[in-house]
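In listed order, ligands and their atoms are each counted from 1. Positions are given from 1 along the sequence.
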Amino acid sequence: MSHRKEARVFYQAEKKQFHLSNDKISYIFKVSSDGKLLHLYYGKSLPNRDYSYLIEMHHRPMTTYRQENDLLYSLEHLKQEFPEYGSTDFRHPSISMKQENGSKITNFTYLKHKIVDGKPKLENMPATYVEEDSESKTLIITLKDNLTNVEVELLYTIFTEFPVITRSVRVLNKGTETQIIEQLASLSLDLPDADYDWIQLSGAWARERNIKERSLQQGIQSIESTRGISSHQHNPFIALKRKQANEHQGEVIGASFVYSGNFLIQAEVDTWDVTRLQVGINPFGFEWRLLPNEVFSSPEAVLVYSDQGLNGMSQTFHQLFRTRLVRGEWREKNRPVLINNWEATYFDFNEDKLVSIAEKARDVGVELFVLDDGWFGERNNDHAGLGDWFVNEKRLPKGIGSLAEKIRSIGLKFGLWFEPEMVNKDSQLYKEHPDWLIHTPNRKEHHGRNQFVLNFGVEEVVDYIFEQMCKIIDESKLDYIKWDMNRPLTDVFDHRLDFNQQGEVFHRYVLGVYRLYELLIAKYPHVLFESCSSGGGRFDPGMLYYAPQTWTSDDSDAIERLKIQYGTSMLYPVSSMGAHVSIVPNHQTNRITPIETRGNVAFFGAFGYELDLNKLSENELAIVKEQIKFYKKYRSEIHNGLFYRLRSPFTNDNETSWMVVSKDQKIAIVAHYKILNEVNRSYQRLELKGLNKEMTYRIDGQLYSGAELMHAGMVISDASSGQINEQNPRPETHDFDSRIWILTQEER
Ligand code: GLA
């Protein structure tokens, strides 16, 4: 009998137990005698039985209890789905809601539930989605606080194909009083122990998403953003990895947040080593006034379970994000090879210069020309022009439409850079609307890169920018937009809002950004968007819902990119990482790396060039031509195949290695990068992953079985420089070396 894959939500009415499951995972909880949701289990798939025995109630001194004359039932001792503070649990809650009398005590208890096929859409916010009802099941639990008449809906979706559960929360004010939501976690998960390593992706501008790891300890460990964007400093993601798990085996839980603003992800380990994992909007700087009849919805948290180590977790994220978060026609289409003029010209360009770069680009096979910063307003440097989305006539006297036409007649698609959320004081927009800036009245505003942030929480601001952008998009028939965002938010306040709404400004801002994206995508479904925030300052799942690719980092040095792209691959698919070959000496590090290695790194991304091809030698141009040919041939496999990390630049100072395997396992592309050349190097074999052990693969004319390549490994030794003589001529190895191998199945 064939076993059909299915997502299920079981409800055992008698035990009041909910059990979400598919063939890989189970997530189980139940309603307590007084209506609280008690968590029972999350992990590998289990049969549908009664798991109430997993609730342990022990008497422990110096604690507090729910009912008089009872010394057992305390929420402090129980794992929960929607914890509250102040009624026997002392850990951080899911919700904090201030009532008109100032009290923050609530008592949300089970009211009803509903199980639906598919996945309801989140209003005005990005989220994962399904295309057929059979792809998932959603459980919606309604809790109610009887005193305030406020209801909470917990939405749990389990996918059929993926070991994934998503959760979001809605708060509905059905009472007559105003409520202030001070905190609302999208996800709160109590795990029975703390035997995990916590992994985060952290860094800085040009050093994004480096992998940091430490073991969980009693107390709170957290990452957050307070910058109004998800930030370069911390990505909205963590993994909890079992101590004995590694890249390819063992248990890992990954949590990610589909949101592009301030977030908090924390793990609180209590005195009994229970771990409470929470994901949500950062309560710092947040509060939301909820009038009677209003609803507040949290963004979505995504929970991934893997019993195949970190790489297994990553592959689930990649497939989910690539196919059920990214939308529109670019989800399926091959991404164009692009050339961007930023590092080629910065602000120093005119039409002739751009056209000469475009012509050279067409000759080597580039498909899309992107004109970066500087084409608009009085934008001759980074002090002026932001906000004025009309052509800079001094620089492009014939207009943007004419340039676009020219580029298209050369044979390339045309794209433009915008920074829609920003304004310079030296701009027409600021002169007309000084009030559109985010600022605090009677206090000085603080700049970043000489620019200020428009209040995207205000509808007319977003509408205005939309109109301006539409004019340019129509005039130049854009194929692509790079949407940049180059500073965090400060002085956050909005005089249009009440005193008790000031904590809404950050979130309203993010909703405004999402609204503009939505308006543009609805009107221009063919445009490919690439998001950017000084490189990777807003590389998050929220952005991926609108822009299928993100400029990964302003650091375009191939060696630096190894860490950045390796870390980013923890959850973001290769197709989402903008990766360009740039000039040497590199503009960020001054490093000189071979053009081959620059290409070999950038291939594992949404590939392009960021240099003036006119400055390359004939030999280099020939290499570029080959690179583009290679990428066009294999981009579909690279973007849609399974990605395997083989050697980590975070644990190996001198080497990085990764590979992709096509879905049918017939093609694999393996890359190995060596940073410094070594003398008399040790023997090296690379154990490949994800091949079909029964298949025979051809590599450089030799045949190997999948089994031997995975178990014995592929021999990649190079003796490197040593004694040079006739039998041992100078080996062609050098610093910043790299190699790529193509494995193709040999049909028998
Ligand atoms: C940011 C981006 C760069 C470039 C510049 C232009 O730094 O990350 O790629 O677009 O802005 O000002």
Side-chain angles (χ1 to χ4, degrees), residues 203-209 227 229-233 235 260 338-349 353-354 357 368-389 392 395-396 414-424 426-427 447-453 469 472 478 480-488 513 528-540 543 547 549-558 560-561 564-565 568 576-583 586-589 598 602 605-612:
W205 170 78
R207 183 163 43 81
E208 297 92 339
R209 291 172 297 285
R227 292 163 193 265
I229 46 176
S230 46
S231 88
H232 297 87
Q233 284 69 17
N235 200 260
S260 310
L338 68 80
I339 187 150
N340 178 305
N341 74 309
W342 181 241
E343 288 198 14
T345 66
Y346 296 104
F347 290 113
D348 182 20
F349 64 83
K353 204 170 192 178
L354 298 176
I357 295 177
L368 162 69
F369 180 85
V370 179
L371 172 52
D372 209 278
D373 196 353
W375 58 267
F376 50 90
E378 295 283 317
R379 187 76 169 166
N380 300 316
N381 53 47
D382 67 10
H383 286 257
L386 288 175
D388 294 344
W389 301 110
N392 181 333
R395 197 171 269 150
L396 300 170
F414 184 63
L416 274 182
W417 180 96
F418 287 89
E419 199 177 357
E421 298 149 77
M422 296 293 155
V423 64
N424 286 115
D426 187 356
S427 68
H447 80 102
R449 206 194 189 198
N450 313 302
Q451 64 195 50
F452 298 86
V453 186
M469 289 179 76
I472 295 289
L478 286 188
Y480 162 106
I481 289 177
K482 177 174 172 187
W483 176 326
D484 210 338
M485 197 293 182
N486 282 312
R487 57 153 294 180
V513 171
L528 169 62
F529 283 86
E530 176 150 354
S531 80
C532 175
S533 176
S534 291
R538 201 161 58 182
F539 199 141
D540 59 58
M543 282 291 119
Q549 58 194 60
T550 299
W551 179 227
T552 311
S553 176
D554 273 348
D555 191 339
S556 65
D557 174 75
E560 298 279 296
R561 274 296 187 110
I564 296 170
Q565 292 177 205
T568 305
S576 69
M577 295 184 222
H580 302 169
V581 172
S582 60
I583 204 79
N586 177 266
H587 289 190
Q588 292 78 40
T589 59
R598 280 176 272 154
F607 182 72
Y609 289 82
E610 180 116 2
L611 43 73
D612 185 348

- Query: Out of Asp484, Asp372, Asp373, whose heavy atom sits nearest atom 1 (C) of ligand 1?
  - Reply: Asp484

Quick one: which ligand 1 atoms are inside 4.0 Å of a heavy atom on [X]?
X	answer
Ser534	7 (O), 8 (O)
Cys532	2 (C), 8 (O)
Trp551	8 (O), 9 (O)

- Item | N or O pair under 3.5 Å between Arg379 and ligand 1 | no

- Is any N or O atom of Gly535, backbone or side chain, closer than 3.5 Å to an N or O atom of ligand 1?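 The answer is yes, given that Gly535 and ligand 1 share an N or O pair closer than 3.5 Å.
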
- Asn486 contact mode with ligand 1 (heavy-atom cut-off under 4.0 Å):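 The part of Asn486 near ligand 1 is the side chain, not the backbone.
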
- Closest approach of any protein heavy atom to atom 9 (O) of ligand 1, naming residue and atom: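 For atom 9 (O) of ligand 1, the nearest protein heavy atom is Lys482 NZ, 2.7 Å.
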
- Query: Identify the closest protein heavy atom to atom 8 (O) of ligand 1: which residue and atom is it, and at what distance?
  - Reply: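 Checked against all protein heavy atoms, atom 8 (O) of ligand 1 sits closest to Asp554 OD1, 2.5 Å.
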
- If we only count heavy atoms from C-beta on, is the Phe347 to Trp375 side-chain gap below 4.5 Å? no

- Query: What heavy-atom pair brings Ser531 and Arg538 nearest, and what distance separates the two atoms?
  - Reply: OG-O, 4.1 Å

- Note on the structure: For Ser582 and Leu611, the nearest pair of non-hydrogen atoms, with its separation, is C-CD2, 3.4 Å

- Message: For Asp372, is there any backbone N or O sitting under 3.5 Å from a side-chain donor or acceptor partner on Asn341?
- Response: yes

- Query: Could you give the distance from CZ (Phe529) to OH (Tyr480), rounded to the nearest 0.5 Å?
  - Reply: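 So the CZ of Phe529 and the OH of Tyr480 are separated by 11.0 Å.
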
- Item | CG on Asp373 to CG on Asn486, rounded to 0.5 Å |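 The CG atom of Asp373 is 8.0 Å from CG of Asn486, to the nearest 0.5 Å.
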
- Might you work through the salt bridge (Lys or Arg N to Asp or Glu O under 4.0 Å) test for Asp388 and Arg379, ending with a clear yes or no? CA-CA 9 Å; Asp388 294 344; Arg379 187 76 169 166; over 6 Å; no

- Message: Any atom of ligand 1 sitting under 4.0 Å from a heavy atom of Arg449?
- Response: yes

